[in-house]
Undergrad: 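Take a look at this one; I'll ask things after.
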Amino acid sequence: TRPFSYKDNYDWIGGGSQDGGYYRGDSQAANDDDGGHSDSTEGHDEDDEIYEGEYQGIPRADSGKGSLAGGPGSVRAGAQQFRDIGVSEAERRKDQEELAQQYETILQECGHGKFQWTLYFVLGLALMADGVEIFVVGFVLPSAEKDMCLSEPNKSMLGLIVYFGMMVGAFLWGALADRIGRRQSLLICLSINSIFSFFSSFVQGYSTFLFCRLLSGVGIGGSIPIVFSFYSEFLSQEKRGEHLSWLCMFWMIGGIYASAMAWAIIPHYGWSFQMGSAYQFHSWRVFVLVCAFPSVAAIAALNAMPESPRFYLENGKHDEGWMILKLVHDTNMRAKGYPEKVFSVSISEKNNNHSDCFIQHFWHILKNLLACFSPEYKRTTFMLMAVWFTMSFSYYGLTVWFPDMIKYIQKQEYESKTKTFTKEEVKHVTFNFTLENQVHRQGHYFNDKFLNLKLKSMVFEDSVFEECYFEDITSTHTFFRNCTFIASLFYNTDLFKYRFIDCKLINSTFLHNKEGCMLDFSDDFNNAYMIYFVNFLGTLAVLPGNIVSALLMDKIGRLRMLAGSSIISCVSCFFLIFGNTESGMIALLCLFGGISIASWNALDVITVELYPSDKRYPETTFGFLNALCKVAAVLGISIFQSFVGITKAVPIIFAAGALATGSFLATKLPETRGQVLQ
């Protein structure tokens, strides 16, 4: 490996504009001309050269060469060695800032144009895939719970499993991107997401479906930390805040795509097929398959894009970094009508490749994570952790609580229309029509036939069924409590044991019961409206917030955007007390989503900009914070859901308190507007 030259790092730029403190100044150039001396022709002074270890404060082994012990040369050598060992943190920080400024100058020469916009749409597809993943399980759960006979605990686990997967994936892929590259890590995590999303649409059992969705979440979990860091390394200082905010819109587009596809596909049961009763492929599985398309499209598009040049430069691959920067420059100049403009940047060669083995990769990941808690970054890291946690707790808790409250309000309205029948005497009657939302108490049914019948939300209590015949019955939310069946026959029904609570069956027979759980199609239009359309509106409502944050991010600063949006979101929580109707809850959902998205955009931008990439912190930290975000999401969802139908006060107090805390702590973070990426 060639010795690492201090000047090598500071001579990344050669040719082009030479004004500014990060090029060789005029005085130096004048000295070169007057003395006929040039580093490139005669070599440079050894006192100006340090090798890689010396840059880190390690003295040169031959620092005293040529000096006599105790003589003036020895004194000078000792002083030089002392200076090398005692390089102050302020000087190192200045070095890093100057190197960062050089990279910033290169990006400004490359310009902002076609290349960045192409990368914007490519990375947007990856971010869109993350947005889709959040909604998939929630949309398919009403159908999957019947298709797979899911109990309440299984439904809860299926709803939360994607967050556990994304928690693991965010930390794993975010940290790995700092070691093997942004592009390669993103390709791997998107591939895992695509493969297991595809498998999950075909598997039949609950356990295998749960496992596939878990690994699908692990895959997509890395998209957010990698995408933002990847894109930021192609953006100059004056463009970064605005364009990272525009990139956030693709998460919204992912939610809209998932809502629209669910509404368009799941209610169309003609798209289903089955092979006997053992294998069923209903329309919700088609929806799961379609939801993998953004991830597949992102993989195809990402293959045409290069790695981050900054990652190459920081790993000593200067030739590869220079070629990518030249590609960015030439692509933008051709698109602007200046194909003749020459890329005038030259980058000194430094060979410092990393060829770590698998175990060493994870050892470096751990080191990077611990470095985020070093004295220099400890306060910032803890502040960010608190802000991420409080925002995730309130945001995810409320966004799941809103639909659950809408369901509860609908359920109350539905139950208010329940019809009750008492002490009926029904004999020799054939029922071949749908029975819905009724309660029958102390009835007596003799020699009645229930044929090709759908029972929806039916309850029979303290009733007697004598010599009755049940055939081809499909039921949902139907139960028999303390009933007696005498000499009755059940043929091809889904009236399983759990539907009979404290019942007596005397000389009654069950033949050819339906296998599995039957889907209830009768009220899916209303379910589609409630689940898909409401989420569609809630996702679309963040559009104004995205636009406002993108336009104002670089004008008012990240901290004002983050704290201001959090405070307004906190205030909006108190309007929840007025959400007593379905339309009122939908309006509040849209209001909260539209306001809170600006704080998320600001938080994403500030997290990218706070940590230096030369030490490989950004993706590691972003991944760690995203993992913490998913922990807070699971906690918030669990707590908020437990109060549905009980009280609104606790969710309101929790959400408002978390947002108020987050907005206060956000003001303690350093402002990064106008700052180059370190």
Side-chain angles (χ1 to χ4, degrees), residues 133-135 137-139 141-142 145 150-168 170 210 213-214 217 221 384-412 530-531 534-535 538 565-567 569-580 584-586 588-589 591-593 595-597 599-600 603 624-666:
E133 188 73 18
I134 290 291
F135 291 95
V137 172
F139 286 159
L141 197 55
E145 67 174 308
L150 300 184
S151 63
E152 287 299 323
N154 286 344
K155 285 165 55 180
S156 300
M157 178 55 69
L158 188 57
L160 295 176
I161 196 66
V162 65
Y163 291 99
F164 287 113
M166 294 175 79
M167 176 185 68
V168 175
L210 190 73
R213 294 317 304 180
L214 172 65
L384 275 177
M385 287 174 62
V387 175
W388 273 87
F389 187 91
T390 54
M391 285 188 56
S392 302
F393 177 83
S394 57
Y395 177 81
Y396 285 102
L398 282 180
T399 51
V400 173
W401 182 77
F402 276 118
D404 284 348
M405 279 299 299
I406 294 173
K407 290 179 186 178
Y408 176 74
I409 292 172
Q410 288 184 331
K411 182 181 178 183
Q412 282 187 316
M530 186 217 21
I531 299 172
V534 169
N535 279 280
S565 176
S566 298
I567 291 173
S569 299
C570 174
V571 174
S572 71
C573 289
F574 291 100
F575 288 100
L576 297 178
I577 198 68
F578 303 108
N580 297 319
M585 292 302 296
I586 293 173
L588 289 171
L589 169 65
L591 175 66
F592 180 77
I595 295 172
S596 60
I597 192 64
S599 57
W600 278 111
L603 187 59
F624 168 70
L625 292 173
N626 255 271
L628 182 67
C629 164
K630 299 306 181 288
V631 173
V634 171
L635 185 63
I637 291 170
S638 302
I639 293 175
F640 282 46
Q641 280 183 327
S642 65
F643 289 99
V644 172
I646 299 176
T647 178
K648 291 182 182 178
V650 175
I652 291 173
I653 293 172
F654 278 4
L659 288 168
T661 303
S663 61
F664 172 75
L665 294 175

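We number each residue from 1, following the sequence as shown.
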Undergrad: Mind checking the CG-CH2 spacing from L628 to W388? Nearest 0.5 Å is all I need.
TA: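 So the gap between those two atoms works out to 9.5 Å.
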Undergrad: Heavy atoms, side chains only, cut-off 4.5 Å: are L659 and V571 in contact?
TA: no
Undergrad: Is a side-chain N or O of S392 found less than 3.5 angstrom from the main chain of F389, in a donor-acceptor match?
TA: no
Undergrad: Flag the pair Y396 / C629 as yes when at least one side-chain heavy-atom distance between them is below 4.5 Å, and no otherwise.
TA: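 Contact flag for Y396/C629 side chains = yes.
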Undergrad: What is the distance from atom NZ of K630 to atom CG of L625, rounded to the nearest 0.5 Å?
TA: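 Here the rounded value is 11.0 Å.
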Undergrad: Distance from F664 atom CZ to T390 atom OG1, nearest 0.5 Å?
TA: 12.0 Å
Undergrad: Can you tell me how far CD1 of I595 sits from OG of S572, rounded to the nearest 0.5 angstrom?
TA: 4.5 Å
Undergrad: What are the two closest non-hydrogen atoms of A627 and M167, and how far apart are they?
TA: CB-O, 3.2 Å
Undergrad: Tell me whether the rings of F393 and F640 are parallel (<30°), tilted (30 to 60°) or perpendicular (>60°).
TA: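 Ring orientation of F393 relative to F640: perpendicular.
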Undergrad: Does the side chain of W401 come within less than 4.5 Å of S642's, by heavy atoms?
TA: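 Answer no - side chains too far apart.
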Undergrad: Atom OG in S596, atom CG in L398: separation rounded to 0.5 Å?
TA: 9.0 Å
Undergrad: How many angstroms lie between SG in C570 and CD1 in I652, if you round to the nearest 0.5 Å?
TA: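 Answer for the SG-CD1 pair, C570 versus I652, is 11.5 Å.
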Undergrad: Side chains of F592 and S569: closer than 4.5 Å at any heavy-atom pair?
TA: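 A side-chain contact under 4.5 Å exists here.
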Undergrad: Write down the atom of S565, the atom of S599, and the distance for their closest heavy-atom approach.
TA: OG-N, 3.1 Å
